[in-house]
Trainee: 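Before I ask anything, let me first share the structure, which is written out below as structure tokens.
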Amino acid sequence: MAIISSKTPPNPEEKPSKSGTKSVKSPAQQGQLPLTDKPTVVGQPPPQKAPDAPELLQADRQPEENAKQEEKIRPQSIDEYIGQRDLKEVLTIAIQAAKGRGESLDHLLLYGPPGLGKTTMSLILAEAMGVNCQITSAPSIERPRDIVGLLMKLQPGDLLFIDEIHRLSRVAEELLYPAMEDFRIDITLGKGQGARTQSLKLPRFTLVGATTKIGALTSPLRDRFGLIQRLRFYEIDELTQIILRSSELFRTEISQAGAEEIARRARGTPRIANRLLRRVRDYIQVKNHPRIEQAIAAEALSLFNVDPCGLDWTDRRMLTVMIERFNGGPVGLETMAASTGEDAQTIEEVYEPYLLQIGYLSRTPRGRIATPAAWKHLGYEPPTQQLPLLS
Ligand SMILES: Nc1ncnc2c1ncn2[C@@H]1O[C@H](COP(=O)(O)OP(=O)(O)OP(=O)(O)O)[C@@H](O)[C@H]1O
Ligand SMILES: [Mg+2]
């Protein structure tokens with residue numbers, strides 16, 4: 001498998017910036033790929049962070065180094081891909097069936113919060129099918145010629161991965177409809193009265209779309225995917241396995257309890273688990289500890305402001321602002337963004353899903369509410385009166 005073009009979004013923590021264009025290599029070809037890595041769209045600058053926010057959930061300081069490490073620990077086959085049992089079962093069946101018939105895989109839509117393994121799974125799929133994987137992200141293919149160029153380059157069976165597919169421009173989306181359904185593309189030649197439409201045949205290919213916001217997809221686009229699969233947050237034992245596996249690849253000694261301690265603070269997300277592991281690994285190295293034990297992991301992570309249930313500085317700030325300034329809510333998304341200095345989209349796509357999952361936040365038609373559990377976690381006495389849940 002080869003990756004022909006590679007434009008992925010920045011780390012999830014950097015979303016919704018469009019500026020990152022990092023290479024993701026196919027597992028089979030790590031370390032040997034001459035990747036074309038030219039961004040076609042100049043992105044917007046990343047959202048302004050609050051000045052003293054810690055960087056654990058933000059982009060790390062050495063993005064290139066981290067990207068290399070991330071590639072090293074990215075699972076390379078379905079067997080190495082930990083957790084997501086249902087997803088793996090569905091895809092294993094789809095792969096076997098498609099291979100048995102000598103066909104390409106049906107179009108697949110993967111959705112779920114950032115860092116849960118959507119890109120990884122699509123690379124694994126291409127590997128399993130023995131096909132090329134072209135990676136791009138919706139903001140990079142805004143203009144018709146971007147998407148036409150991409151589609152025209154496809155070889156039979158290729159897998160086309162479009163990240164952040166909910167951000168496709170309307171023209172790009174409309175060009176994709178016949179491409180997905182009938183494997184053809186309709187292009188308009190000329191202008192004005194002399195303009196004519198020409199249909200070009202495309203090879204059969206598989207579109208894998210990834211999104212953190214399935215609700216933002218138009219239904220005609222959603223309906224064209226044969227498989228729609230959600231990735232869920234990982235359980236502690238699954239994250240523990242991921243951390244143990246990554247430690248082995250990093251050649252870092254770690255105890256089971258040490259791995260569990262990191263897993264508990266990883267917000268159900270493999271990417272965060274691996275990032276926390278890197279921080280703890282730095283910490284034991286500097287402090288001259290031979291191995292990651294539970295106590296040292298806890299010590300390191302509290303230094304990095306990650307609390308025992310994985311909340312970081314921004315989570316706590318969001319909840320504190322809601323409690324102190326708005327008596328727990330309801331608070332609208334934009335108000336929350338303005339009061340915390342965070343970008344609204346980052347709040348919605350990166351921070352909120354986990355807070356909703358652990359029951360610290362609830363969404364109502366009038367805005368977000370910090371639940372009594374969140375009040376208690378932050379050391380506040382929750383109000384005795386029941387908060388209004390509906391407008
Ligand atoms: N099931 C898994 N088992 C082991 N490691 C995993 C798994 N899923 C993800 N990872 C690790 O987490 C990292 C992030 O995964 P990935 O890049 O696939 O997430 P994503 O869902 O595409 O995120 P985004 O929405 O930001 O694009 C990978 O580099 C990989 O090392
Ligand atoms: Mg991804």
Side-chain angles (χ1 to χ4, degrees), residues 3 6-18 20-27 30 57-60 63 65-89 91 108-127 133 135-140 161-167 208-214 229-235 237-250 259 262-263 266-278 345-346 348-351 353-354:
I3 293 175
S6 180
K7 296 179 199 113
T8 62
N11 288 337
E13 297 76 22
E14 290 173 298
K15 276 179 179 179
S17 154
K18 296 178 187 175
T21 53
K22 81 178 175 195
S23 308
V24 175
K25 294 177 185 178
S26 102
Q30 282 177 27
L57 279 179
Q58 315 309 329
D60 277 15
E65 186 53 32
N66 284 332
K68 266 192 222 151
Q69 287 193 352
E70 189 146 324
E71 286 320 305
K72 191 167 128 191
I73 54 179
R74 203 187 275 284
Q76 305 186 9
S77 65
I78 287 218
D79 293 337
E80 279 181 14
Y81 193 93
I82 293 159
Q84 309 290 354
R85 238 190 35 217
D86 297 348
L87 172 73
K88 286 199 293 192
E89 212 172 313
L91 295 181
L108 163 70
L109 180 64
L110 295 173
Y111 70 99
L116 297 191
K118 298 182 288 296
T119 304
T120 307
M121 184 48 93
S122 86
L123 289 170
I124 289 175
L125 280 180
E127 183 78 9
C133 184
I135 296 187
T136 190
S137 76
S140 321
F161 177 78
I162 304 183
D163 215 341
E164 300 187 79
I165 195 156
H166 62 276
R167 298 224 217 150
V208 179
T211 178
T212 47
K213 282 179 86 177
I214 182 129
Q229 291 291 311
R230 183 170 86 109
L231 279 86
R232 52 171 190 77
F233 282 114
Y234 290 67
E235 303 292 339
D237 63 327
E238 295 165 344
L239 291 169
T240 306
Q241 277 184 57
I242 291 174
I243 291 164
L244 291 171
R245 175 179 173 274
S246 304
S247 307
E248 210 175 304
L249 294 169
F250 287 158
I262 300 175
R267 311 166 65 91
T269 308
R271 183 182 283 130
I272 297 178
N274 286 329
R275 176 160 301 150
L276 298 184
L277 172 65
R278 285 199 291 266
Q345 199 178 339
T346 310
E348 202 177 16
E349 293 175 26
V350 177
Y351 290 99
Y354 183 66

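Sequential numbering from 1 along the given sequence is applied to the chain's residues. Just so we're clear, the structure is a prediction, and the values are computed from it rather than from any experiment. In listed order, ligands and their atoms are each counted from 1.
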Trainee: Polar-atom distance check: T119 versus ligand 1, any N or O pair below 3.5 Å?
Mentor: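 Between T119 and ligand 1, an N or O pair is found under 3.5 Å apart.
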Trainee: Can you name the closest pair of heavy atoms from Q84 and L116 and give their distance?
Mentor: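 Result for this residue pair: NE2-O, 4.1 Å.
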Trainee: Minimum heavy-atom separation for R245 to I82, with atom names?
Mentor: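 Shortest heavy-atom contact: CD-CD1, 4.1 Å.
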Trainee: Within the structure, does G83 bring an N/O atom to less than 3.5 angstrom of an N/O atom in ligand 1?
Mentor: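 It does not: no N or O of G83 is found under 3.5 Å from an N or O of ligand 1.
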Trainee: Side chain, backbone, both or neither: which applies to L110 and ligand 1 if a contact is any heavy-atom pair less than 4.0 Å apart?
Mentor: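 Looking at L110 and ligand 1, no heavy atom falls under 4.0 Å.
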Trainee: The Mg ion (ligand 2) to T119: any N/O/S contact under 2.8 Å?
Mentor: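 Of the N, O and S atoms in T119, at least one lies under 2.8 Å from the Mg ion (ligand 2), which means yes.
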Trainee: Is L116 touching ligand 1 with its side chain, its backbone, both, or neither, if touching means heavy atoms under 4.0 Å apart?
Mentor: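 Looking at L116 and ligand 1, just backbone atoms fall under 4.0 Å.
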Trainee: Distance check, rounded to the nearest 0.5 Å: T240 atom OG1 versus Y234 atom OH?
Mentor: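 The OG1 atom of T240 sits 13.5 Å away from the OH atom of Y234.
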Trainee: Judged by non-hydrogen atoms, does A210 sit under 4.0 Å from ligand 1?
Mentor: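 No; A210 lies far enough from ligand 1 that no heavy-atom distance drops under 4.0 Å.
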Trainee: Of the backbone atoms (N, CA, C, O) and the side-chain heavy atoms from C-beta on, which set of P75 has a member under 4.0 Å from an atom of ligand 1: side chain, backbone, both, or neither?
Mentor: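 The side chain, only.
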Trainee: Tell me the closest heavy-atom pair linking E348 and P353, and the distance in Å.
Mentor: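 Nearest pair, atom of E348 first, then P353: O-CD, 3.3 Å.
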Trainee: Is the contact between N274 and ligand 1 made by the side chain, the backbone, both, or neither, using heavy atoms and a 4.0 Å cut-off?
Mentor: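 Only the side chain of N274 comes within reach of ligand 1.
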Trainee: Is it the case that more than 12 heavy atoms not belonging to E80 sit under 6.0 Å from its CD atom?
Mentor: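 For E80, atom CD is crowded (more than 12 foreign heavy atoms under 6.0 Å).
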Trainee: May I ask whether R74 places a heavy atom under 4.0 Å from ligand 1?
Mentor: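 Within the 4.0 Å threshold, so yes.
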Trainee: What's the shortest heavy-atom distance between I73 and R278, and which atoms?
Mentor: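 In this case the closest contact between I73 and R278 is CD1-NH1, 4.5 Å.
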Trainee: Please report whether ligand 1 has a polar contact with Y81, defined as an N or O pair separated by less than 3.5 Å (distance criterion only).
Mentor: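 Looking only at distances, the answer is no, because the N/O contact criterion of under 3.5 Å is not met.
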Trainee: Go through the steps for I272 and L239 under the test side-chain contact (heavy atoms from CB on, under 4.5 Å), then give the verdict.
Mentor: CA-CA 10 Å; I272 297 178; L239 291 169; over 6 Å; no
Trainee: Below 3.5 angstrom, do we get any N/O pair linking R245 and ligand 1?
Mentor: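 No; every N/O pair is 3.5 Å or more apart.
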Trainee: Consider every N or O of G115 and every N or O of ligand 1, then say whether any pair is closer than 3.5 Å.
Mentor: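 Right, the criterion is met.
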